[in-house]
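These figures come from a predicted structure and were not determined experimentally. Lettering of chains follows the sequences in order, A, B, ..., and the numbering in each one begins at 1. Note that these values count all heavy atoms, side chains included, but never hydrogens, waters or copies made by symmetry.
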There are 2 protein chains.
Amino acid sequence: MPGKTLTKGDNHLTMQVVNHVRTLIEKGSLKPGDRIPPEREFAQMLKISRASLRTGIGYLAAMGVMNVRHGVGTFVADGPPEIGRSSLSLLGALHGFQLWQMFEARRLLEGSLAALAAERGREEHLMALSEEVTEMYATVQDPAEYLIHDVRFHRTIAQAAGNPILAVLMETITSSLYGDRRKTVERTTSLKESADMHREIYRAIRTRDAVEARNVMERHLKMAEKAQMNEAASSQTKAKKKRRASGTASS
Amino acid sequence: MPGKTLTKGDNHLTMQVVNHVRTLIEKGSLKPGDRIPPEREFAQMLKISRASLRTGIGYLAAMGVMNVRHGVGTFVADGPPEIGRSSLSLLGALHGFQLWQMFEARRLLEGSLAALAAERGREEHLMALSEEVTEMYATVQDPAEYLIHDVRFHRTIAQAAGNPILAVLMETITSSLYGDRRKTVERTTSLKESADMHREIYRAIRTRDAVEARNVMERHLKMAEKAQMNEAASSQTKAKKKRRASGTASS
DNA sequence: AAAAAGCAAGAGGTCCGACCACCAGCATAC
DNA sequence: GTATGCTGGTGGTCGGACCTCTTGCTTTTT
């Protein structure tokens with residue numbers, strides 16, 4: 001079947017839209033952050049109804065390629081690439097993924113990412129990592145702020161590793177974990193310990209010690225897993241309805 | 001927002017549909033293979049228009065949770081879980097993924113998968129692997145058939161590893177590679193060598209040698225990568241006749 | 001003037017209702 | 001008995017009306 005663009009499967013028109021966009025991207029006339037024409041125009045261009053065009057847009061948005069903003073326009077995703085936000089979460093519900101499996105996958109990915117970062121990380125990445133560690137120490141009293149730098153730290157490692165695909169996979173998993181994560185961090189009594197571990201990871205990467213980087217990263221994530229598991233266990237023991245009063249601040 | 005399950009981000013109604021389905025799945029009243037009510041009815045149930053319902057369905061279909069069949073109905077996906085088919089391919093086009101990065105990711109994942117399979121694989125998995133290897137040897141003359149067993153072999157390892165999440169990630173990557181793969185296999189002169197490697201992998205797993213399993217798997221994939229790279233390179237230079245068929249006869 | 005309030009254009013979001021295309025099973029014709 | 005064809009149900013497409021949101025500009029107020 002020559003000539004047929006990839007992307008097999010679903011509906012004709014939907015795929016027509018998807019492939020059209022893909023072509024525009026591959027041709028370079030559509031780059032991350034760009035805005036696509038208004039639906040009404042775009043639909044007319046492709047000679048399909050607006051409804052069908054919207055189906056295609058929805059498809060692209062679902063897998064994180066497009067970014068729709070009500071009242072403003074539709075844009076090509078730019079930030080850190082990420083597969084459809086809730087896809088893993090959905091598939092998880094469907095196939096009964098376990099939390100430990102999530103963490104195992106994460107350990108594997110981030111461990112390798114750390115090792116690669118140690119091997120390939122450029123000076124700019126190392127500096128960024130250092131920066132984030134510093135910020136972490138500076139915000140040990142502000143969980144919300146701390147979490148931001150935590151996420152950025154891991155994200156920077158993924159960049160330093162020089163393999164965007166692995167970065168995407170990591171992002172997919174962590175974002176699936178993020179919801180619960182926020183809770184955990186807010187309860188963690190010792191963000192300082194966490195910061196210490198991040199500092200260790202940073203040092204290992206800085207000294208180009210791939211093995212050590214992987215080990216420390218895995219140790220760090222194992223600890224994070226334990227914390228989150230505890231949280232999950234304690235939150236399983238309460239009714240579905242609950243208002244956000246009382247001490248065990250969660251939700 | 002009370003009642004707001006996870007899955008943040010996009011449009012209200014779309015997410016309402018997605019969350020509703022998610023709830024049904026989590027509640028167990030919707031299992032893989034099941035069929036959902038006809039659009040017209042379902043829309044009425046949720047008190048939204050059919051168009052909006054369709055948007056939600058599309059979203060779910062885009063990430064491989066639903067399976068729509070024109071003239072028949074809409075079903076919950078059942079087969080091996082897989083993130084939206086072309087998502088990686090799309091993101092790749094958008095962010096300029098390289099082929100070697102794909103393979104690196106694959107090596108990492110499948111290497112770990114093989115190691116885990118060696119540790120956790122149950123007898124049934126080992127038997128299935130053995131079966132596939134046998135079939136491979138039996139079809140070294142039939143590339144198309146061989147490929148089927150090749151894929152099944154790797155998929156079985158993923159199952160044996162006991163971590164469906166890693167399996168999904170692997171599936172996502174390999175399916176992204178599959179298109180080119182078919183070509184490669186058809187040209188590979190020595191499927192027997194490939195079969196030999198698979199046999200080695202099988203033996204390592206059978207003997208519970210995780211380290212060896214990972215190593216052999218990585219070696220195998222490295223070779224596959226080389227083959228595919230050659231193919232890609234040569235197909236770039238083949239506008240006319242391929243004068244002097246050199247090269248590919250190595251390994 | 002500078003700041004606040006209000007207005008209007010442009011973009012996406014939702015809905016309706018009709019009609020098309022596909023598939024499966026049943027009825028009919030041979 | 002097989003082949004044909006019809007029909008009911010289901011998803012796919014359409015277009016065009018109307019709603020909501022965002023933004024920037026205009027008008028009013030201070």
*Hey, can you pull the residues of residues 32-42 of chain A with a non-hydrogen atom under 4.0 angstrom from DNA chain C?*
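A:Arg35, A:Pro38, A:Glu39, A:Arg40 - these, ordered by number, are the residues of the stretch whose heavy atoms sit under 4.0 Å from the strand.
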
Side chains of [X] and [Y] only: does a donor on one sit below 3.5 Å from an acceptor on the other?
| X | Y | result |
| --- | --- | --- |
| B:Gln159 | B:His125 | no |
| A:Asn163 | B:Gln101 | no |
| A:Ser175 | A:Glu82 | yes |
| B:His198 | B:His149 | no |
| B:Arg22 | A:Ser89 | yes |
| A:Ser52 | A:Ser49 | yes |

*For the residue pair A:His20 and A:Phe42, does the interplanar ring angle fall in the parallel (under 30°), tilted (30 to 60°) or perpendicular (over 60°) class?*
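It falls in the tilted class, 30° to 60°.
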
*A:His12 or A:Ala51, whichever maps to the more 5' nucleotide of DNA chain C*: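 First, find each residue's nearest nucleotide; the 5'-ward one identifies A:Ala51.
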
*Going through the distances and angles, do B:Ile57 and B:Ile36 end up as a side chain to side chain contact (heavy atoms under 4.5 Å, CB included)?*
CA-CA 10 Å; B:Ile57 302 286; B:Ile36 68 174; 3.6 Å; yes

Atom pair distance, as rounded to whole Å: [atom1] in [X] and [atom2] in [N]:
| X | N | atom1 | atom2 | answer |
| --- | --- | --- | --- | --- |
| A:Leu53 | D:dG15 | CG | P | 12 Å |
| A:Met15 | D:dG12 | CE | P | 11 Å |
| A:Tyr59 | D:dT13 | OH | P | 14 Å |

Under 4.0 angstrom, heavy atoms only, what part of the nucleic acid is [X] near: base, sugar-phosphate, or nothing?
| X | value |
| --- | --- |
| B:Thr14 | nothing |
| B:Leu13 | sugar-phosphate |
| B:Thr55 | nothing |

*Heavy-atom protein contacts under 4.0 Å, nucleotides 21-26 of chain D, coded B base, S sugar-phosphate only, - none*: BSS---

*For DNA chain C, note the earliest and the latest nucleotide, 5' to 3', having some atom under 4.0 Å of a heavy atom belonging to chain B.*
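Nucleotide range in contact with chain B: C:dG13 to C:dC23.
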
*Please report the closest heavy-atom contact between B:Gly56 and B:Val18, naming both atoms and the distance.*
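Nearest pair, atom of B:Gly56 first, then B:Val18: O-CG2, 4.4 Å.
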
*Compare all side-chain heavy atoms of B:Phe75 with those of B:Met66 and state whether any distance is below 4.5 angstrom.*
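B:Phe75 vs B:Met66: side chains apart.
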
*Reported CG-to-CG distance for the pair B:Leu108 and B:Leu169, which is rounded to 0.5 angstrom*: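 Output value for this atom pair is 11.5 Å.
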
